[in-house]
Each structure stands twice: as C-alpha cells, then as structure tokens.
Amino acid sequence: MKDFGREILAWYEIHGRDLPWRKTTDPYKIWLSEIILQQTRIKQGLSYYHNFTEKYPDVSSLARAPEEEVLKCWQGLGYYTRARNLHHTARIIANDQQYTFPDNYKDLLNLKGIGEYTAAAIASIAFDEPRAVVDGNVIRVLSRIFGIKKSFDKPEGKKIFISKANDLISKKEPGKFNQAIMDFGSIYCVPANPDCNHCIFKNDCYAFRNDQVDKLPVRSPKIKIRKRYFHYLVFNWNDPEQKTLLKKRNERDIWMNLYDFPLIETENTMKWKDLITHPEFKKLTKGLIFNLRQSSPLYKHQLTHQQIHARFFMLDITALPNRKNYHKTKKSDISKYPVSRMIEKFLQDYP
DNA sequence: AAAACGGGGGA
DNA sequence: TCCCCAGTTTT
C-alpha cells in the first residue's frame, strides 16, 4: 500500500457523512458527541446530541444542571454511567480549571468517562494532535486490510492495533483521518457482506485477497448471560388519589441512580402465593393491609450480560408506609423521574 | 485479565 | 436469534 492515509482521506472527502459535530471545533461538543456515540449507533445518538446541545450549550450549563435532570435527558440511551461521568466531569472542568478545557491526550485521559478512544478522538478532532482512535470500525478495517489476526481484547493485540493506527495517521489532518477510517468502516467495510468487489483497497486488502473477509476481525469468545427475576410491588396503581412508592436504585448494579418500584429479587420466578411468604416481601409490607388487584404478564428484558424477568404486582393498600429510601409519588409525576426502558414499557402498558 | 455496564437495529 | 455498535470502569 502506497499511502493509506491519502487514500482514506480522498474517500472521506466524497463519501464522508455530514454530521452536526463535524461542523464545530468546540471541544465540549466534540466531547459530548463522543460520549453519546460510545457503543451507540449514530442514528440512535443523533437526537440525544441535539437535545443536549440545545439544553446544555456549554460545559458550565451542563455543570449547573442537577444530575437527575441529566439522567432524564439520557433516558433510553443505556450505559447510564456515561451520563453520570459526563456530568461529574463537566463540574470538574467548570469548577477547578476556570472553564478551560483540557487540550491534549494525556490530560483528557485523566477525566472520568474518557478512555483511550475518546481522549484520542477529542485530541485529534478538536486540537489536531496526531493520536489515532481505535474503535470497532478501525479494528475491522485494519485487521482486514493488513491481515491482523490478533484479538483486540488481548493486550498484545490491542498494542498492535493502536501502534498500526498511529503509524498510518495523517500528521497534517489527524482528526479528519480518524473520522475517515471510522466512516469507512461503518459505511463500507461493514461487519457482514461488505461490497469488496468495488472497494478502493481490493488490490491491497489481505482479507479480500485471501478470502478471509468473514474471518476478520477475530472475535473474542462471547460472555454468558445471567438470568434475574424481579418482582415489583406497585402500590395503589388503580387509585388516582393515592400515591405510589418509587425507589432510587443506589447499589452497584444495573440502572444505578434510575428509579423503579419496590423490588423483590429471587433466584427464580415466584407465584404470588409464594411471594407473600418471602422475607423481603414481609419487610416491605409490614403493618399493611394489602390486596392484590392485578398482576402483569412476565416482562423479558434483554441486556448485554443479563436477562431480566420481571412481573409487576399492583396492590391496593390502605395507607402508604414510610420507608427509608422510598419516595411517595403521584402517578402523574412518575414521568419526571429517570427510569429504565423496562419500567418505561410498563408505564406505557399500564397508564 | 476479566467482568460489568443498555438498548437498538440489521441480517 | 446472533452480532455489533465512534468504550470505560471496576474488580
């Protein structure tokens, strides 16, 4: 290959996407876009980017916002740690550094939520630092064209990919180069059935020449999925005058800092008859007179590493208990709280 | 070094 | 269904 950088940049000039964060050099907006796009498709993240930039046009406005409001804006995007870190980091930048934004790879790397990829992306795009990004797209493009068979998950493979990308990067237009190779990977060198016969690299591509396109990149063995069984207690759902109880999820677990209902988690699904004998259930309903009005079908919610089986039990009770860490809430106010997609689905099904 | 962390969409 | 997505943090 003569000059990979020149070729990919030429391709990018013609085929590169027109995206809102490419019209700005504001590091805050570049940062925001990169966080939103972590493990997230552009199509899915686009509306969130617009909402955020409108509501929080700069670091200080984001820093001033309450965390709960930021989480609410993030609702539905997943990986909620991203939102908490984004907000946390905005406060650090706004407070400690007199509103200046870290302007190089090393300093960016120190911030919460910014790892190797994002630091390289911001440094190259906003500050022209020649620092190659390596994401899923880059891994695919490099492994195929240059025949890299090491898995990126292993330290050895990771070093190879990062070093190769840094060898190739344009020193003159590092940001453009990075976006070019990612665009090429996501538009052209796609995971399944890429159109290799018309590819600009067909004569040089190792995978194409050796019929290895569907073998590269090498995938790591897939993880096993934990099954969990949630039983939610939804108090006074059918009585508009009465409030219900919400709980903020605090433990180190999925959906941290989002809200859901009082929850009994077990190793298996439990019928109502058995659930009422569960110690957690007794604790939650201690001193209450309750009546099961309705129970939902089983909700199956698939996460990357977990499969949640959830059932909602709608209970009538005479008086709402005072429980530590539980919030009394009017039904109509629940929409103000950030919730997981699963809870959102339940709220739609049982308005 | 490995596990945890969401949700959507394409094939 | 399976795979992948502009990855990072915690254990």
Side-chain angles (χ1 to χ4, degrees), chain A residues 12 16-17 19-22 30-49 71 74-86 88-89 108-125 131-141 151-158 161-162 165 175-187 189-194 214 217-226 228 249 251-258 300-308 338-345:
Chain A
Y12 181 67
R17 283 188 265 228
L19 297 169
W21 46 88
R22 288 181 178 169
I30 308 289
W31 171 46
L32 176 63
S33 73
E34 292 299 341
I35 300 299
I36 289 174
L37 267 33
Q38 284 169 7
Q39 298 297 102
T40 303
R41 288 174 193 278
I42 288 170
K43 195 176 167 190
Q44 192 195 354
L46 212 44
S47 65
Y48 287 84
Y49 176 81
L71 281 171
W74 201 267
Q75 180 171 309
L77 247 195
Y79 283 124
Y80 298 92
T81 298
R82 291 184 292 170
R84 292 194 307 272
N85 283 339
L86 181 76
H88 171 82
T89 296
L108 286 161
L109 209 46
N110 288 326
L111 299 172
K112 276 279 187 223
I114 298 186
E116 290 181 327
Y117 164 80
T118 308
I122 300 172
S124 64
I125 297 169
R131 186 72 73 159
V133 297
V134 180
D135 72 335
N137 294 309
V138 176
I139 291 163
R140 196 165 53 252
V141 172
S151 168
F152 184 74
D153 302 304
K154 304 223 174 354
E156 186 196 358
K158 187 169 172 174
F161 278 101
I162 290 176
K176 250 189 189 175
F177 173 92
N178 280 336
Q179 299 185 76
I181 189 169
M182 289 192 286
D183 256 18
F184 183 75
S186 80
I187 294 170
C189 194
V190 291
N193 309 315
D214 55 352
V218 172
R219 316 171 204 294
S220 53
K222 71 169 190 181
I223 40 80
K224 69 162 188 262
I225 291 169
R226 176 162 68 123
R228 302 173 69 177
R249 298 180 62 88
E251 306 82 47
R252 282 204 288 263
D253 196 1
I254 57 168
W255 304 328
M256 188 175 26
N257 290 9
L258 272 57
K300 252 175 52 173
H301 190 77
Q302 188 68 49
L303 283 65
T304 307
H305 304 79
Q306 302 181 21
Q307 188 177 52
I308 312 294
V339 299
S340 68
R341 274 287 205 244
M342 191 180 75
I343 298 296
E344 199 176 19
K345 179 84 175 14

Any side-chain N or O of A/His305 under 4.0 Å from OP1/OP2 of B/dA3?
no
Please report the distance separating the P of B/dG6 from the corresponding atom of C/dT10, rounded so that it comes out in whole Å.
14 Å
Report which part of the nucleic acid A/Trp74 touches: base, sugar-phosphate, or nothing (heavy-atom distance under 4.0 Å, all strands).
nothing
Has the side chain of A/Thr118 got a donor or acceptor atom sitting under 3.5 Å from an opposite partner on the base of C/dG7?
no
Start at the 5' end of DNA chain C and walk down; is the nucleotide closest to A/Leu37 or to A/Arg252 reached first?
A/Leu37
Of the listed nucleotides (C/dT9, B/dC5, C/dA6), which one gets closest to any side-chain atom of A/Asn85?
C/dT9
Testing A/Val133, A/Asp135, A/Val134 for side chain to side chain contact (heavy atoms under 4.5 Å, CB included) with A/Asn137, which one passes?
A/Asp135
A correct dot-bracket answer for DNA chain B, with pairs being Watson-Crick or G-U at under 3.5 Å, [ ] for crossing pairs and | for inter-strand pairs, is |||||.|||||
Spell out, as yes or no, whether a donor-acceptor pair under 3.5 Å connects the side chain of A/Arg249 to the backbone of A/Ile254.
yes
Please evaluate the base of C/dG7 for a donor-acceptor partner in the side chain of A/Tyr117 within a cut-off of under 3.5 Å?
no
Is there a donor-acceptor pair under 3.5 Å between the side chain of A/Arg341 and the backbone N or O of A/His301?
no
Establish, yes or no, whether a centroid distance under 6.0 Å links the rings of A/Tyr80 and A/Trp255.
no
Nearest listed nucleotide, side chain of A/Gln38, among C/dG7, C/dA6, B/dG6:
C/dG7
5' precedence on DNA chain C between A/Lys300 and A/Arg22 (nearest-nucleotide basis)
A/Lys300
Residues A/Tyr117 and A/Glu34: side-chain donor-acceptor under 3.5 angstrom
yes
Any donor-acceptor pair under 3.5 Å linking the side chain of A/Arg82 with the backbone of A/Gln38?
yes
With respect to the side chain of A/Asp253, which nucleotide from B/dC5, C/dG7, C/dT10 is positioned closest?
B/dC5
